[in-house]
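Numbering of ligands and ligand atoms starts at 1, following listing order.
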Amino acid sequence: MKRIFSGIQPTGEIHIGNYVGAIKQWVELTEEYDCIYCVVDYHAITIEYDIETLKQRTINTGLILLACGLSPDNSKIFVQSHVPEHTELTWIFNCVTPIGELERMTQFKDKARQHRENINMGLMDYPVLQAADILIYKAGYVPVGEDQVQHIELSREIARKFNSRFGKIFPEPQAILSQAPRILGVDGVNKMSKSMNNYIGLLEDKETIWEKLRTAVTDVNRVRRTDPGTPELCNIYTIHTAFSKNEVLLEIDKGCRSASIGCIDCKKTLFQNMMKELDPIREKAEALKKDENYVKDVLINGAKACSEIAKKTMEEVRSGLGLFWP
Ligand code: AQP
């Protein structure tokens, strides 16, 4: 069975961008692939963070993955730092990764701008750790949002460089994009992001979600209710594509272009469809909150299973490198 790997940072509240861009397809892909999903806590420490809450945020992120439909029966779910071979392989990959490649990464440039006071080596090395996450499991496919495609391309290059020097150990992984791989925030400008105050949280209460949707930016050229709109320029329509059926999308498209429906009508339909899909997730999350030990067990057992695979890969890697190893 072909293997999938992907990860999510425990940096804050999981939002509908994470869900639509990544988690939703993570669940769908479990039917066809051998899936490994990871809460990437070592990635999360590359920016300033709250030490007191990291542990709980890590558990909560695992909890949300389970609430969304992942389970130990359909995938391995674990915490990155529980399998230290990830960071060991990162060091080795560092030795085949040109610094120039890391400097030109869009995410590094964006994060360096956002965190001027702490542009640390880890921030720059982020995609190398990501390559190690993927390749230590020899995963061929990586379901991610559009923002991560450049990093997956770098992973391919790292695999190529390593293989050509030390022997063919790694596959060249490919990104798998969802149908809505780039969700903008409610500001309609920036990518929806945990660290920007522009997100709709998966578990936020309904009133808050509706308020955020109600005031979210739509097609900026549609100023008056009577102006025809352009769905492909509207972030709300993009979100619709993830939550609404085709016949609804056609109606919205037609109604928007002819101005027979307004943005609020469109948002009301979206809200209903979103809630239809999110309500069961929210209920499951509430139940799991009462059984946190179960969540911890899933993560701990997931790490045990992943460790076995990671250890085997590292044996091959050390042998390829020519290390003396007992
Ligand atoms: N807005 C988005 N649209 C589509 N996909 C998205 N993803 C994130 N935001 C969007 C995808 O979600 C997965 C997990 O993301 P992550 O938590 O590892 O990192 P991120 O991309 O940095 O997420 P945030 O919310 O932007 O976090 P912060 O603010 O902490 O940096 C990835 O597959 C990502 O593509």
Side-chain angles (χ1 to χ4, degrees), residues 4-29 35-50 53-54 57-58 60-65 68 70 77 79-81 86 105-115 118 122-123 126-127 129-131 133-134 139 141-155 173-204 212 216-217 235-243:
I4 289 247
F5 176 93
S6 201
I8 185 159
Q9 298 186 76
T11 36
E13 207 167 335
I14 306 298
H15 52 71
I16 60 160
N18 298 130
Y19 176 71
V20 165
I23 303 171
K24 189 171 167 166
Q25 63 160 352
W26 291 6
V27 178
E28 289 160 4
L29 290 164
C35 294
I36 301 181
Y37 298 121
C38 184
V39 182
V40 290
D41 51 351
Y42 276 157
H43 277 110
I45 65 167
T46 57
I47 53 171
E48 282 302 316
Y49 70 98
D50 181 25
T53 55
L54 178 61
R57 278 185 281 118
T58 302
N60 288 351
T61 305
L63 184 150
I64 290 192
L65 296 183
C68 288
L70 295 179
I77 311 160
V79 177
Q80 185 183 37
S81 64
H86 288 228
M105 290 292 117
T106 309
Q107 180 178 293
F108 171 64
K109 289 194 264 189
D110 287 348
K111 296 261 161 173
R113 256 192 309 271
Q114 277 173 34
H115 304 278
N118 181 15
L123 199 58
Y126 187 112
L129 176 56
Q130 195 170 350
D133 294 338
I134 299 162
Y141 301 91
V142 193
V144 283
E146 197 179 70
D147 59 316
Q148 293 300 318
V149 169
Q150 194 184 35
H151 287 175
I152 308 308
E153 278 163 11
L154 183 65
S155 295
Q174 287 172 29
I176 301 182
L177 292 181
S178 76
Q179 72 208 65
R182 185 164 189 263
I183 301 293
L184 299 181
V186 290
D187 53 15
V189 179
N190 299 297
K191 185 191 86 145
M192 186 176 285
S193 204
K194 300 187 209 88
S195 53
M196 309 266 283
N197 197 14
N198 70 353
Y199 66 83
I200 297 178
L202 218 53
L203 303 185
E204 282 185 295
K212 287 187 178 181
V217 173
N235 188 40
I236 294 298
Y237 184 79
T238 308
I239 303 176
H240 253 297
T241 61
F243 289 102

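Close approach of ligand 1 to I8 is summarised as follows: ligand atoms under 4.0 Å from at least one heavy atom of the residue are 14 (C), 17 (O), 18 (O). Each of the following atoms of ligand 1 lies closer than 4.0 Å to a heavy atom of P181: 3 (N), 4 (C), 5 (N). Close approach of ligand 1 to G21 is summarised as follows: ligand atoms under 4.0 Å from at least one heavy atom of the residue are 4 (C), 5 (N). Atoms of ligand 1 found under 4.0 Å from any heavy atom of K111 (numbered from 1 in listed order, with element): 28 (P), 31 (O). Of all atoms in ligand 1, numbered sequentially from 1 with element shown, those under 4.0 Å from a heavy atom of V144 are 33 (O). Atom numbering of ligand 1 starts at 1 in the shown order; those under 4.0 Å from a heavy atom of A22 are 12 (O), 13 (C), 33 (O).
Here the heavy atom of the protein found nearest to atom 16 (P) of ligand 1 is K194 NZ, 3.6 Å. Looking at atom 34 (C) of ligand 1, its nearest protein heavy atom turns out to be D147 OD1, 3.5 Å. Ranking protein heavy atoms by distance to atom 26 (O) of ligand 1, first place goes to S193 OG, 2.5 Å. Among protein heavy atoms, atom 33 (O) of ligand 1 sits closest to G145 N, 3.2 Å. Counting only heavy atoms of the protein, atom 18 (O) of ligand 1 lies nearest to Q9 N, 3.3 Å. Among all non-hydrogen protein atoms, the one lying nearest atom 15 (O) of ligand 1 is N18 ND2, 3.4 Å. Nearest protein neighbour of atom 20 (P) of ligand 1, counting heavy atoms only, is K191 NZ, 3.6 Å. Taking atom 1 (N) of ligand 1 as the reference point, the nearest protein heavy-atom neighbour is I183 O, 2.8 Å.
A donor-acceptor contact shorter than 3.5 Å is absent between the side chain of T46 and the backbone of Y42. With hydrogens and angles ignored, the 3.5 Å screen pairs a side-chain donor or acceptor of K24 with a backbone N or O of A242. Proximity of a side-chain donor or acceptor of N118 to a complementary backbone N or O of I47 within less than 3.5 Å is not detected. Here the side chain of Q130 pairs no donor or acceptor atom with the backbone of H151 at under 3.5 angstrom. Using modelled atom types, one side-chain atom of D41 and one backbone atom of S81 make a donor-acceptor pair closer than 3.5 Å. A distance-only check finds a donor-acceptor pair linking the side chain of Y37 to the backbone of W26 [under 3.5 Å]. Side chain of K191 to main chain of R182: no donor-acceptor pair is present (N/O by atom type, distance under 3.5 Å, no hydrogens or angles).
Between the side chains of Q9 and Y126, at least one donor-acceptor pair of N or O atoms lies under 3.5 Å. Side-chain N/O atoms of Q107 and Q148 include a donor and acceptor closer than 3.5 Å. A side-chain N or O of Q80 and one of D133 form a donor-acceptor pair less than 3.5 Å apart.
Comparing heavy-atom distances from atom 10 (C) of ligand 1 across S178, G17, S6 singles out G17 as nearest. For the residues M196, H43, M192, the heavy atom positioned nearest atom 9 (N) of ligand 1 is part of M192.
Of the heavy atoms in R182, only backbone atoms (N, CA, C, O) come closer than 4.0 Å to ligand 1.
Considering both main-chain and side-chain atoms, T11 comes within under 3.5 Å of ligand 1 through a nitrogen or oxygen pair.
Heavy atoms from other residues, nucleotides or ligands lying under 6.0 Å from CZ of F108 number more than 12.
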